[in-house]
Amino acid sequence: MFEQLALGFSTIFQPDNLIMIFLGTIVGYFIGAMPGLTPSIGIALLIPFTFTMESVPAMVMLVCLYIAAEYGGGITAILINAPGTPAAAATALDGYPMAKRGEAGKALTISIIASGWGSLISSILLVFTAIPIAKAALNFGPAEYFALAVFGLSLITSLSEGSLVKGILGMCFGLLLITIGMDPVNGVPRFAFTNSLFGGVPFLPALIGLFAFSEVLFMIENADDEPAEVQKIKGIGIPFSILKKMKLTLIRGPIIGYAVGVIPGAGATIASWISYNEAKRASKEPETFGTGNPEGIAASESANNGAVPGALAPLLALGIPGSASAAILIGALTIQGLQPGPLLFVKHPEIPYSIFAALIFAAPMMTILGLFGARVFVKVTLIPTRILAVVVAAITVLGSYAYSNDMYSVWVMFLGGVVGYVFRKVKIPNTPVVLAMVLGFMMEVNLRRALITSGGTPELLFSRPIALILLIVSVITLIVPVIKEYKTNKRKAVA
Amino acid sequence: MKMALAELISGIVFLIIAIVFFTMTLKLPPPMNQSDLGPATFPYIIIFLMAILACVLIYRGVKERENTKQPVIKIKRQNSVLLVILGVFIYINLMPIIGYYISTLISLPVILWFAGEKKPIKIALLSGGFLLFAKVVFDMLLGVPLP
């Protein structure tokens with residue numbers, strides 16, 4: 001393991017990889033600082049730039065973008081009370097009051113140091129957990145993979161943002177999309193009424209549309225909003241005495257972040273709120289939280305950045321995306337001809353180990369860049385929304401064309417964008433659609449393989465302990481929210 | 001539009017999708033051997049689930065129709081949103097006919113105008129800047145052959 005990690009470090013210290021880490025970080029900061037652009041949209045927009053790149057620089061750039069975008073979200077949360085990412089909402093609770101009383105520099109410093117610390121600790125945890133998981137997963141057969149896919153999809157219940165029915169409908173829509181094209185086992189064409197559809201619905205253009213182009217239309221809706229006023233940042237410097245006081249929060253935050261990040265479907269936003277609440281609960285002055293307590297910032301930021309390496313664990317070790325950003329990263333890996341999952345550690349160890357090394361190396365680098373660049377990154381909020389929207393739209397067209405050098409992908413992106421916009425308007429979340437597109441193929445292929453292996457009976461699915469456990473957990477994961485929603489609706493009806 | 005009506009319409013749309021896919025699935029060949037599910041089973045499961053949930057959505061939409069407290073779906077700057085969609089639609093249609101650079105040169109300023117940017121100098125600079133970016137990054141650095 002350490003040998004491979006050393007190799008990973010030697011790989012990322014090659015000049016082209018260092019440039020990509022730097023570029024990914026800078027772009028990530030800007031994306032994170034811009035309210036409306038989330039890390040998943042940022043990754044989707046940057047993927048087209050990686051089509052012709054080598055695998056290692058492409059992946060380290062995207063991973064650094066992912067983590068830096070989570071950093072960047074805190075900058076605008078503190079300075080203008082507009083969290084750049086949903087996960088930075090808890091940061092705004094104490095960050096903005098501090099900025100209002102003239103302590104913006106101090107708040108930013110704490111936020112950036114806590115972010116860097118959170119991602120460093122969490123990256124180390126990733127190294128020590130992802131490798132054993134991947135090793136164990138090497139023994140997985142079709143039954144386990146089918147159960148894993150079912151488990152991944154069952155988590156849609158936690159991504160349904162309010163309505164379970166709508167979340168599962170989004171999942172069905174995504175699953176139906178992946179059935180278009182050649183049947184993966186027999187090669188029979190399904191629902192392919194034009195020649196282009198024989199190859200299926202291309203995943204990346206579809207998700208660029210669902211996430212980025214649909215967001216363009218939301219930006220156009222809000223194009224009249226005036227850019228927020230940015231305060232002058234004074235007093236950036238490392239407040240050692242304050243950091244010392246919050247050492248327990250700084251230990252707890254990354255651990256909560258990593259643990260929550262590993263659970264598919266949970267992610268950075270939930271991690272930051274749990275960490276914030278835990279810090280408040282453990283504090284001797286809980287009443288000061290929400291009024292400008294630096295510990296609130298540290299709790300939120302150390303956890304939301306800790307969640308990023310956490311989310312990479314199931315992605316790299318099992319090939320299961322737990323969040324929209326992770327699903328998009330799977331798309332990026334596939335474009336490079338790589339299959340995420342345990343075999344990645346055997347066939348292409350340079351990829352996961354370079355990602356580990358990049359995460360560990362990038363944490364202090366991002367902290368330094370964040371401390372010196374916060375004044376610049378926040379300027380991105382001054383760009384009028386209408387201009388940003390059109391630039392993003394133009395990149396989505398260009399990027400989806402670059403995917404396969406034909407107009408079919410551009411049309412898929414455009415339709416995906418319009419559908420994604422309509423879905424979001426009627427509160428059907430886009431994430432289940434994307435997750436279903438990633439896991440649907442894995443689910444169908446492995447179900448059919450498992451059945452063929454056991455002569456057409458489902459015996460294999462229930463005779464393998466890991467598969468059985470995963471299936472039981474999936475059923476519980478699906479049923480509990482259904483019962484909860486039913487009870488809530490009943491209570492509402494009575495009231 | 002009220003949320004109940006939106007749910008009713010989306011339920012109907014999902015039901016139509018399920019019916020269309022169901023009719024197409026009927027035409028798929030049977031499994032090649034007894035132990036395989038064949039190409040139709042997986043789509044059938046999804047279609048079945050989708051149809052049930054679409055009916056739930058329709059039922060909810062009908063039931064909540066008279067509820068005065070339901071949320072309302074609003075589209076701010078509706079005309080701009082529709083014009084931008086139309087602009088991008090025309091842009092994509094023009095690309096294979098007149099090429100990427102000329103179609104972008106025509107469409108980008110129009111879309112910027114639709115989006116609400118009214119300053120001609122800004123529009124010209126942005127359009128020119130984006131074309132330069134596309135040429136340098138995608139064409140020259142990444143080697144993507146643009147149409």
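Throughout, protein chains are lettered first and strands after them, A, B, ... in sequence-line order, and every chain is numbered starting at 1. Any value given below was found using the heavy atoms of this structure, including those in side chains, with hydrogens, waters and symmetry copies removed.
For the atom pair A:Leu169 CG and B:Met50 CE, the distance stands at 6.5 Å (nearest 0.5 Å). One finds the CG atom of A:Leu451 at 4.5 Å from the CG atom of B:Leu37 (value rounded to the nearest 0.5 Å). Taking CG of A:Asn405 as the start and CG of B:Leu146 as the end, the distance is 8.0 Å to the nearest 0.5 Å. Rounding to the nearest 0.5 angstrom, the gap separating the OG1 atom in A:Thr179 from the CZ atom in B:Phe21 is 6.0 Å.
Heavy-atom pairs under 4.5 Å with chain B peak, among A:Val185, A:Val422, A:Thr396, A:Ile387, at A:Ile387. Of the listed residues (B:Val88, B:Ile111, B:Leu49, B:Ile45), the greatest number of heavy-atom pairs within a distance under 4.5 Å of chain A belongs to B:Val88. Here B:Pro43 is the residue among B:Ser10, B:Gly11, B:Pro43 with the most heavy-atom pairs under 4.5 Å with chain A. With chain A as partner, the option from B:Val137, B:Ile52, B:Leu112, B:Ile17 having the largest number of non-hydrogen pairs under 4.5 angstrom is B:Leu112. Ranked by non-hydrogen atom pairs under 4.5 Å with chain A, the options B:Ile75, B:Leu126, B:Ile123, B:Thr104 are led by B:Ile75. Interface summary for chain A: among B:Ala134, B:Pro145, B:Ala6, the most heavy-atom pairs under 4.5 angstrom belong to B:Pro145.
A 6.0 Å sphere centred on CG of B:Leu26 holds more than 12 heavy atoms belonging to other residues, nucleotides or ligands. By the 6.0 Å contact criterion, NZ on B:Lys74 is open, its count of non-hydrogen atoms from other residues, nucleotides or ligands being 12 or less. Within a 6.0 Å sphere centred on CG of B:Asn33, heavy atoms belonging to other residues, nucleotides or ligands number more than 12.
Contact between B:Val81 and A:Leu217 at its shortest, heavy atoms only, is CG2-O, 3.9 Å. Closest approach of B:Leu28 and A:Pro189 over heavy atoms only: CD2-O, 3.6 Å. Minimum heavy-atom separation, B:Pro39 to A:Arg448: N-NH2, 3.8 Å. Looking at every heavy atom in both residues, B:Ala115 comes nearest to A:Arg386 through O-CB, 3.6 Å. Closest non-hydrogen pair, B:Leu53 versus A:Val165, comes out as O-CG1, 3.9 Å. Taking every heavy atom of both residues into account, B:Lys76 and A:Glu221 meet most closely at N-OE1, 3.0 Å.
No part of A:Ala389 comes within reach of chain B, as not one of its non-hydrogen atoms sits under 4.5 angstrom from that chain. Heavy atoms closer than 4.5 Å to chain B are found in the side chain of A:Leu447, but not in its backbone. For A:Pro184, no part lies under 4.5 angstrom from a heavy atom of chain B. A:Val426 touches chain B through backbone and side chain together, each having a heavy atom under 4.5 Å away. Heavy-atom distances place no part of B:Val20 under 4.5 Å from chain A, backbone and side chain included. Only the side chain of A:Ile180 comes within contact range of chain B, judged by heavy atoms closer than 4.5 Å. For a residue to count as touching a neighbouring chain, one of its non-hydrogen atoms must lie under 4.5 Å from one of that chain's; by this rule B:Asn93 touches chain A with backbone and side chain alike. Both the backbone and the side chain of A:Phe173 come within less than 4.5 Å of a heavy atom in chain B. If you measure heavy-atom distances from B:Ile46 to chain A, the contacts under 4.5 Å come from both the backbone and the side chain. In this structure, chain A has a heavy atom under 4.5 Å from the side chain of B:Val56, while its backbone stays farther away. Neither the backbone nor the side chain of B:Gln78 comes within contact range of chain A; no heavy atom of the residue lies under 4.5 Å from a heavy atom of that chain. Contact of B:Pro71 with chain A is not made at all, since no heavy-atom distance falls under 4.5 Å. Proximity to chain B involves both the backbone and the side chain of A:Val410, based on heavy atoms less than 4.5 angstrom apart. Heavy-atom distances place the side chain of B:Lys122, and not its backbone, under 4.5 Å from chain A. For a residue to count as touching a neighbouring chain, one of its non-hydrogen atoms must lie under 4.5 Å from one of that chain's; by this rule B:Thr25 touches chain A with backbone and side chain alike. Only the side chain of A:Phe193 has a heavy atom closer than 4.5 Å to any heavy atom of chain B.
Inter-residue side-chain proximity for A:Ile395 and B:Phe130 is flagged as met; some heavy-atom pair is nearer than 4.5 Å. Between A:Val390 and B:Trp113 there is no side-chain heavy-atom pair separated by less than 4.5 Å. Here the side chains of B:Met24 and A:Arg190 are not in contact, with every heavy-atom distance at 4.5 Å or above.
Between the B:Arg77 side chain and the A:Ile220 main chain, a donor and an acceptor come within less than 3.5 Å of each other. No donor-acceptor pair under 3.5 Å is formed between the side chain of A:Lys166 and the backbone N or O of B:Leu57.
In this pair, B:Phe14 and A:Phe423 present their aromatic rings tilted. The plane angle is within the 30 to 60° band. A tilted orientation is assigned to the rings of B:Phe89 and A:Phe414, their planes being inclined by 30° to 60°.
Aromatic pair A:Tyr401/B:Phe138: ring centres not closer than 6.0 Å.
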